[in-house]
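One structure is given below, encoded as C-alpha cells.
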There are 2 protein chains.
Amino acid sequence: MRLTEQAYLVLLALADEPRHGYGVVQEVRALSGGAVRLGAGTLYGILDRLVSAGYAEGSGEVVVDGRLRRYYRLTPTGHDALTAETARLAALARRADRLLGGVPRPGIA
Amino acid sequence: MRLTEQAYLVLLALADEPRHGYGVVQEVRALSGGAVRLGAGTLYGILDRLVSAGYAEGSGEVVVDGRLRRYYRLTPTGHDALTAETARLAALARRADRLLGGVPRPGIA
DNA sequence: ACGATATATATCGGCGGCCGACCTATCAGC
DNA sequence: GCTGATAGGTCGGCCGCCGATATATATCGT
C-alpha cells in the first residue's frame, strides 16, 4: 500500500496506544503542530484502507458518556511499515537539511 | 499552494542549481534513494503548478547534442517555502522517532 | 541496417486519495 | 433552546498522480 502523509500520520497516531476515530483526529492535529486537520471523509477512508492493508485493526468498542467509541490499533505489519516510513522521512529530512545548509538564500535578503 | 511530497522533491531538486525537466527526474530519484520515480505527466503537472504559484520560473533554453533543454530555477519565494517545509518535515521525523522509542542522542547527533 | 535504450519534450484520460458538506446523536454550558 | 464539543458515518466533487502515448535525436549492441 502507498503511504500518503495523512495515512502516515494516522499510523503514527496509533503508535503508542489504540485510539478511536475522533481521538486519531486530535492526535494527528497535535503531531503535525496543528497543520493537518483530518476531515471525517479523509479519516474513515484512510482507516478503511489501513485495515484492508493489514496495517491496523479494530480493537473493541466502548461507550463513554453515552457515546460510542470504536477503537483501532496497529498490527505488527503496520508497526513495521511505520518504522520503515519514519526512517525514510528522517533520511530525506537529513539530506534536505544538508542541501539547504550549503546553499544560501538567493535574491533579496 | 499545497505541497505534496512529489512537489516538495521537485523543489528540493532545484535547490542547489537550475535543472531541466529530465534532470529533475533524475535528481528526485537520487534524492529519494530511488524510491520516487516521476513520470512525465507528474513532472510537468508539478512544474506548471510550481510556476503558477511563483515557486519556480523558467531559466532559459539550451540545445545540447541536438536536444532541447528547458531549465527551471527556484524563486526566493520558492526557496522560503522549501525551507519551511523542510523544517516541518524534520520536526515531524524527530517527533516520530521519539514516539517509536528511539532515544534522542544527547549533544552531537 | 536495425532495434533497444537513453535523453528530452509534452499531452491525455483514468484512478484514487483528499476534503468539505451533510446527517445522526449525546452531553455540557450559556 | 441554542451552540459547541464529542462521536459515529456517507457522499460527491476536485485535483494530483501516473501510465500510455507521441515526437525526436544520439548511442550502443548485434
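Given the structure is predicted, the values throughout are model-derived calculations rather than measurements. We name chains A, B, ... by the order of the sequence lines, and we start the count at 1 in each one.
Between the side chain of B:Thr75 and the backbone N or O of B:Gly54 there is at least one donor-acceptor pair closer than 3.5 Å. Distance alone, capped at 3.5 Å, places no donor-acceptor pair between the A:Arg29 side chain and the A:Arg37 backbone. In this structure, B:Arg19 contributes its side chain and B:Leu14 its backbone to no donor-acceptor pair below 3.5 Å.
Note on A:Gln26: only backbone sugar-phosphate atoms sit closer than 4.0 angstrom, heavy atoms only; bases stay farther off. Among the atoms of the strands shown, none is found under 4.0 Å from any heavy atom of A:Glu61.
In this structure, B:Thr42 and B:Gln6 approach most closely via the heavy-atom pair CG2-CG, 4.5 Å. Listed here is the closest heavy atom pair of A:Gly58 and A:Arg73: O-NH1, 4.3 Å.
When B:Leu82, B:Leu11, B:Val10 are each tested for a side chain to side chain contact (heavy atoms under 4.5 Å, CB included) with B:Tyr55, only one passes: B:Leu11.
A:Tyr22 and A:Leu68 fall into different hydrophobic clusters, defined by Ile, Leu, Val, Met, Phe, Trp and Tyr side-chain heavy atoms under 4.5 Å apart, directly or through other members. Put simply, A:Tyr44 and A:Leu50 are part of the same group of oily side chains (I, L, V, M, F, W, Y) that touch within less than 4.5 Å, one to the next.
At whole-Å resolution of the value, CZ in B:Arg2 and C1' in C:dC18 are 7 Å apart.
When only modelled atom types and interatomic distance are considered, B:Tyr71 and B:Arg69 share a side-chain donor-acceptor pair under 3.5 Å.
For the pair B:Leu92/A:Leu12, a side-chain contact is recorded, criterion being any heavy-atom separation below 4.5 Å from C-beta on.
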Quick one: what's the B/S/- string for nucleotides 23-30 of chain C, heavy-atom cutoff under 4.0 Å, read 5' to 3'?
-> ---BB---
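Residues from residues 31-50 of chain B placing a heavy atom under 4.0 Å of any atom in DNA chain C, listed by number, are B:Ala40, B:Gly41, B:Tyr44.
Here the range on DNA chain D touched by chain B, meaning any atom under 4.0 Å from one of its heavy atoms, is D:dG16 to D:dA26.
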